[in-house]
Number of protein chains: 2
Amino acid sequence: MRAINRFNVLDTIRRAGSIARIEISDRTQLSTTTVSAITASLLDDGLILARTEGDLREAAARGRPRVMLELNPDAARVVGAKIAANRMVFVVTDFRGEVLSTLTLALRVDRQPIGVIADLIEDGVRRCVVDANLALDEIDSVCLGLPGVIEHRTGHVRTSPIFRESGVDFAKEMSERLGVTTIVESDAHAITLAHHWFGRARDLDDMVLVSLEQTLGLGVLHGGQLFRGAGGLSHNLGDLVLGMGPQGTVRLASLAGESAILGDQPSGRFAEAIRLGRGMAHAKTLIAAEDNALIGAAIRAGEACGIALANIVTLFAPPRVILVGSSLALGQPFLDSLREAYSLAIPPSIKGVTELVFDQSTDETWAQGAAVVALRELYESPWGTTGPAPAL
Amino acid sequence: MRAINRFNVLDTIRRAGSIARIEISDRTQLSTTTVSAITASLLDDGLILARTEGDLREAAARGRPRVMLELNPDAARVVGAKIAANRMVFVVTDFRGEVLSTLTLALRVDRQPIGVIADLIEDGVRRCVVDANLALDEIDSVCLGLPGVIEHRTGHVRTSPIFRESGVDFAKEMSERLGVTTIVESDAHAITLAHHWFGRARDLDDMVLVSLEQTLGLGVLHGGQLFRGAGGLSHNLGDLVLGMGPQGTVRLASLAGESAILGDQPSGRFAEAIRLGRGMAHAKTLIAAEDNALIGAAIRAGEACGIALANIVTLFAPPRVILVGSSLALGQPFLDSLREAYSLAIPPSIKGVTELVFDQSTDETWAQGAAVVALRELYESPWGTTGPAPAL
DNA sequence: TTATTTAATTCGCATTCCGTTAAAAATACC
DNA sequence: GGTATTTTTAACGGAATGCGAATTAAATAA
């Protein structure tokens, strides 16, 4: 009950960045008395800070000046990570989700044994924490954003292109290794929350994000919450079937996945670039040089994505769809065919409901999104009672 | 605040049918004290009734006997309707959703002017209410289940096969005609709630329903609530694109819609049967007689549905999918090809997550579902204050 | 009849919120 | 410096809610 109000006040402060009590009272519909009580307790717990300056209204405001409240950056620290097949990116953030340190490991972990991958992640987390001048026991939570089908609630990785095994309880594995609560989440869900907090969806509580990376992921925000399947399952767009071909089902991944566009023969012309994580950058250069085979692949991929996108909009009817991921780097041929296929495929009845936004987020943003997943769980936990103790 | 607990208690009583206070306390995690207070107020408002008999535990139970509580059937009456292109079905139900009277009008309203359709519906509602020995002012709410894309929140019908016009504010139109609060909802959403209350999803708060009628609809139940797109938009599965053909996009409706299976030439062999609303029944007979053209159409439709179904399961990962609608009457060729295409198309990573259930619901059940939509809004409305006054 | 058991209610207490009022704080205007 | 203005805090009363403990109610068992 009060927990709900507390959370609302805290979230209002986070959204505003810096806000006076009377504004909070306005936005949350709580009385100033209640806001005063709640903010007092938040200040007491060290979750927020008061600042005397910073009142941005017209300079000559009479009366008692507002006291601006903001999140206490030091109230918690979390680690977020984006784990991809050819690189890992780690960030340490403060309580606001601001990045304190970044670490990128460019290495191919494709289908190594779990132990090896876990070793690398553990190492990355520890190094990134040290880079932020912190010790691991000062970290409240870790969240790993992984491609594939992830069961957030149970911490299981159902399938992932980076794991040989399936159904791994990776959250437990990493929690034990690090000695810090570690959760797993789909990388698409992570970037979805990153856009909700910092990116192109700050103003919306309902939206859909499509990530076009090695795997094709989906994040659905509904009422400010991630829409997760039963069991907290994440979605894998690449598994969508676009039709029946001569050899059975034709899945989106086979038309628009990274390996479908660049070719996946180990001896292919992209093999070296892919190994180095520069596949798409390389492809972009070739497309600029009018490499017709590649342009054709990009166009086919764009068409497939456009159709899949239209289907998703048909099902979810969000006001905005954000497209992110390395495939956007393919440039015009890909984007134009995507847009065209989308506008052909979108049913007239919901034309105009949805706005398309393309965004080339950096890897750091993905990792930051994972940090946001961790922070949201901290925000909702009852700090006064059982949650992690704030800095005293 | 208390409204939430009140609703939970009321819903617990509804689900149980007949339940003692102590059981409510068990299931809702509320103290017996609170349950006592809330049930007292519900009794006071006439929403529930107490019965001394009916304790079904072992006969020789010691101690004070339980007093069973149940919904007061007379606390409200609503009208639910299923409006289809070739028929309208109306039901009047009591507060429990039990049907008091039914009325079926077999008439083709295909693309008549709005006024004509509204006339027919108004007439149907009035007649059905009279059949239940009631007057219209004893009806608390009316809900119309329509095919197409419906915006429940605003009451607008975006597109519907039964309307020529698009974007009609049909809820307002019918509210004014009847003098009773009238809401509109997608027929697929209605049958989804019907299954949640009375049918094959009584035990689940998360599930997906696919309706295969003239239009192909979808209902997603998420945490006991209908998942509606932004603006309360309903989904239209028929608009899903399954691929690109020679003449542009190939939509599910063009493969698996009623007219796709039976053919839609006005001079076709089914024309007369369709006009009479017996298209599918007729088709079933022909399939039994091994009509190869029709069997082929049914198989193609089944394949298309199976693929679309797999895509929906990929996106929502529900524990159960219920398939309903007239197309199920096509029988083996359709169902077998649907099942086969589904199991080919479902990605291995989520195989086993979802159970398929086929259900041949009667028209009355669809209308009852619309009544449930109306009842749910009554349940959630604050009776003590502004809601419709219960019988005193 | 008395004891036992179970269900439901009553009573008292704690929490939380709101509204009102008042006071304190901090600044601008005169 | 005094007054006006605005924000914030504090204090009090009232209302609503929920829980625990004790009490009452109603039946069976001994």
Side-chain angles (χ1 to χ4, degrees), chain A residues 1-10 12-13 16 18-45 48-70 382-386, chain B residues 1-10 12-13 16 18-45 47-70 382-387:
Chain A
M1 168 87 287
R2 163 146 118 258
I4 297 170
N5 284 328
R6 225 178 121 94
F7 173 76
N8 278 335
V9 169
L10 194 57
T12 304
I13 296 172
S18 183
I19 188 173
R21 289 178 179 79
I22 198 161
E23 269 281 314
I24 298 174
S25 166
D26 261 14
R27 298 194 194 174
T28 59
Q29 308 281 35
L30 293 168
S31 73
T32 59
T33 312
T34 306
V35 170
S36 229
I38 290 175
T39 52
S41 115
L42 290 173
L43 281 165
D44 207 48
D45 290 347
I48 60 173
L49 297 174
R51 260 203 331 170
T52 331
E53 345 86 79
D55 188 344
L56 293 182
R57 294 168 306 160
E58 63 273 30
R62 313 220 297 173
R64 178 173 176 173
R66 300 183 167 183
V67 176
M68 306 305 279
L69 302 173
E70 39 190 59
W383 289 77
T385 56
T386 61
Chain B
M1 168 87 289
R2 159 148 120 254
I4 297 171
N5 284 327
R6 227 178 119 92
F7 172 75
N8 279 334
V9 169
L10 195 57
T12 304
I13 296 172
S18 183
I19 188 175
R21 289 174 179 82
I22 198 161
E23 268 282 313
I24 300 173
S25 163
D26 261 14
R27 299 195 193 176
T28 59
Q29 308 279 34
L30 293 168
S31 73
T32 59
T33 310
T34 306
V35 170
S36 230
I38 290 174
T39 52
S41 118
L42 291 173
L43 281 165
D44 206 47
D45 290 347
L47 301 189
I48 61 173
L49 298 174
R51 261 204 328 170
T52 331
E53 347 84 81
D55 189 343
L56 292 182
R57 294 167 307 160
E58 63 274 31
R62 311 222 299 177
R64 177 172 175 175
R66 300 181 167 184
V67 177
M68 306 307 278
L69 302 173
E70 40 190 59
W383 288 77
T385 57
T386 61

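Predicted model, so just to flag it, every value in this text is computed and none were measured. Keep in mind that the numbers below use all heavy atoms, side chains included, and drop hydrogens, waters and symmetry copies. First the proteins, then the strands, lettered A, B, ... as listed; each starts at 1.
- Computed from coordinates, the B/Ile4 CD1 to D/dA16 C1' distance equals 14 Å when rounded to whole Å.
- Of the side-chain N and O atoms in A/Asn5, one or more sit less than 4.0 angstrom from OP1 or OP2 of C/dC17.
- In plain terms, the two heavy atoms of B/Leu47 and B/Arg6 that are nearest each other are CD1-NH2, 4.0 Å.
- One can place CZ of B/Arg6 at 14 Å from P of D/dA16, the figure rounded to the nearest angstrom.
- Rounded to whole Å, the distance from CZ on A/Arg66 to P on D/dT8 is 7 Å.
- Using a 4.0 Å cut-off, some side-chain N or O of A/Ser36 falls inside it from OP1 or OP2 of D/dT9.
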Query - CA sep, side-chain torsions, deciding dist, call: B/Arg21, B/Thr39, side-chain hydrogen bond (donor to acceptor under 3.5 Å, both in side chains) - result: CA-CA 8 Å; B/Arg21 289 174 179 82; B/Thr39 52; 3.3 Å; yes
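- We find that CG of B/Leu69 is positioned 11 Å from C1' of C/dA8, with the value rounded to whole Å.
- Summarising the geometry, the separation between CD1 on B/Ile24 and P on D/dC19 is reported as 14 Å, rounded to the nearest angstrom.
- Across the protein-nucleic acid pair, A/Ile48 atom CD1 and D/dT8 atom P stand 12 Å apart, rounded to whole Å.
- In this structure, B/Thr33 does not reach the D/dC19 phosphate: none of its side-chain N or O atoms is under 4.0 Å from OP1 or OP2.
- If you check every strand for non-hydrogen atoms under 4.0 Å, A/Ala20 touches sugar and phosphate atoms only.
- Residues satisfying the side chain to side chain contact (heavy atoms under 4.5 Å, CB included) test with A/Leu30, not counting sequence neighbours, are A/Asn5, A/Val9, A/Thr28, A/Thr34, A/Val35, A/Ile38.
- The shortest non-hydrogen separation linking B/Ser25 to B/Ser31 is OG-C, 3.9 Å.
- In this entry the distance linking CD1 of B/Ile22 with P of D/dG20 reads 14 Å, nearest Å.
- One interatomic measurement links the two molecules: CG of B/Asp26 to C1' of C/dA7, which rounds to 12 Å at whole-angstrom precision.
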